[in-house]
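One structure below.
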Amino acid sequence: MVTEEIKLNEFLGEHRIESIETDLGEYIQQLDEEPPYHIVTPAMHKSKEDVAKLFSAKLGTAPNLSPQQLTLVARDILRKKYTAAEVGVTGANFIISDTGSVAVTENEGNARLSCAFPKVHIVVVGIEKVIPSLKDLGLFWPLLSTYGTGQKITVYNSIISGPRQPNETDGPEEMYVILLDNGRTSILQNPVQRESLYCIRCGACLNVCPVYKNIGGHTYGTTYSGPIGSVITPNLKGQEDFKHLSYASSLCGACTQVCSVKINLHELLLDNRKASVQEGQHAFAENMAWKIWKLSSLKRSIMNLGNGNIKNKIVNSIFKGWKANRSELDFSKKTFNEMWMDRFKR
Ligand code: SF4
């Protein structure tokens, strides 16, 4: 995901360097020229038939291959690439501070092959991934696998502490670790938002989010989608262009409830909204509309005025922004106050 964040593939392509995704889901997405749909399962929106059609169109295979056959096609192509590639690039799930190692967790063995065959291994990893000690993996590995994919432990867990040594048979001749900030220190400086850096990208908050489940990962238009994406993107890339993500939430709190590292996600969404207002990121018309709403709400005689059709017409003509993506507001013929008075005849 971090190489998605910095658009590494596009950059390499512009410099005529071939780069191939080796995770099967990422490979499918790359073939389809689409970004990942989900931070853990990038092609989860595609059926096996979609993938068979895609392979047929891009790789010339029969259009009705089974998932097993499709996997073998991808494996055959990728295996040749591992041995021919000059550079293997991986991310890291954790950076282990006491041993100076990186820990990579995966289910397909592709990252392990990417750092075993090529002469150079480059790790691109966000600075928030540092954990104090090797023994902390005893907590984080099972946490990531159970919350991420429901496995007790992920299939391949590698700890890499440097390039190949004289007595070793595989591994790169050179290894580089690139620590990516890209806005993370500005989150760290924010005493409220800094807890979003605890995220281990397990994807659990996406899986339970009613908004993500309805709109899907691509609608966000961001590298990180779902609740965590809506929390961190406005802080990484600015409220001006991404504040809307914090508003696209029912604040049901399902994300907070499920988060493997107990990030208060829905509270952080609220904090983002507050920050965007404090930054003055709202239109004059919206500010005026809320002022009128507040004035009216505080005065019972105004609230009870023109119920039903008249109120519908006035309010819907003022709140045009609301109507752009939603149905019109429809007020009842009587306010709650009037209904209460009717019922109890006071
Ligand atoms: S915010 Fe929590 S639940 Fe969501 S991806 Fe990060 S660690 Fe997982």
Does this structure show an ion pair linking D170 with R164, if we count only N-O contacts that are shorter than 4.0 Å? no

Has R201 got its NZ or CZ under 6.0 Å from the middle of the six-membered ring of Y224, at an angle within 45 degrees of the ring axis? yes

Could you walk me through whether K274 and E267 satisfy the salt bridge (charged side-chain N to carboxylate O under 4.0 Å, His left out) test, starting with their C-alpha distance in whole Å, then the side-chain angles of each, then the deciding distance to 0.1 Å, before giving a yes or no? CA-CA 11 Å; K274 192 170 146 198; E267 299 280 350; over 6 Å; no

If we count only N and O atoms by modelled type, under 3.5 Å, do the side chains of D50 and S47 hold a donor and an acceptor together? yes

Does one side chain, of Q29 or E34, offer a donor that lies under 3.5 Å from an acceptor on the other? yes

Looking only at the side chains, is there a donor atom on one of D330 and N312 sitting less than 3.5 Å from an acceptor on the other? yes

Can you name the salt bridge (Lys or Arg N to Asp or Glu O under 4.0 Å) partners of D241, sequence neighbours left out? none

Hey, is D98 close enough to K135 for a salt bridge, meaning N to O under 4.0 Å? no

Go through the side-chain N and O atoms of H121 and T90 and say whether any donor and acceptor fall under 3.5 Å apart. yes

Enclosure of F11 CZ (heavy-atom neighbours >12, cutoff 6.0 Å): no

Using a cut-off of 6.0 Å, state whether more than 12 heavy atoms not belonging to K81 lie near its atom NZ. no

Can you list the residues that meet the side chain to side chain donor-acceptor pair (under 3.5 Å) rule with T41, with sequence neighbours excluded? H38

Taking atom types as modelled and ignoring hydrogens, do the side chains of Q193 and N272 form a donor-acceptor contact shorter than 3.5 angstrom? yes

Which of parallel (below 30°), tilted (30 to 60°) and perpendicular (above 60°) describes W290 and W293? perpendicular

Can you tell whether the side chains of E128 and R184 come within less than 4.0 Å, N to carboxylate O? yes

Under 3.5 Å, is there a donor-acceptor pair linking the side chains of T154 and W141? no

Cut-off 3.5 Å, side chains only: do E21 and N9 have a donor facing an acceptor? yes

More than 12 heavy atoms of other residues, nucleotides or ligands under 6.0 Å from CD1 of I310: is that the case? no

In terms of ring plane angle, is the pair Y37 and H218 parallel, tilted or perpendicular, where the classes change at 30° and 60°? perpendicular

Other residues, nucleotides, ligands: >12 heavy atoms within 6.0 Å of K7 NZ: yes

Consider only side-chain N and O atoms of T256 and N264, and report whether a donor and an acceptor are under 3.5 Å apart. no

Counterpart residues, side chain to side chain donor-acceptor pair (under 3.5 Å), relative to N287 (two or more places apart): none

State, without any angle test, whether Q69 and S66 hold a side-chain donor-acceptor pair at a distance under 3.5 Å. yes

Whether the S246 and R273 side chains hold a donor-acceptor pair (N or O, under 3.5 Å, no angle test) is what I'd like checked. no

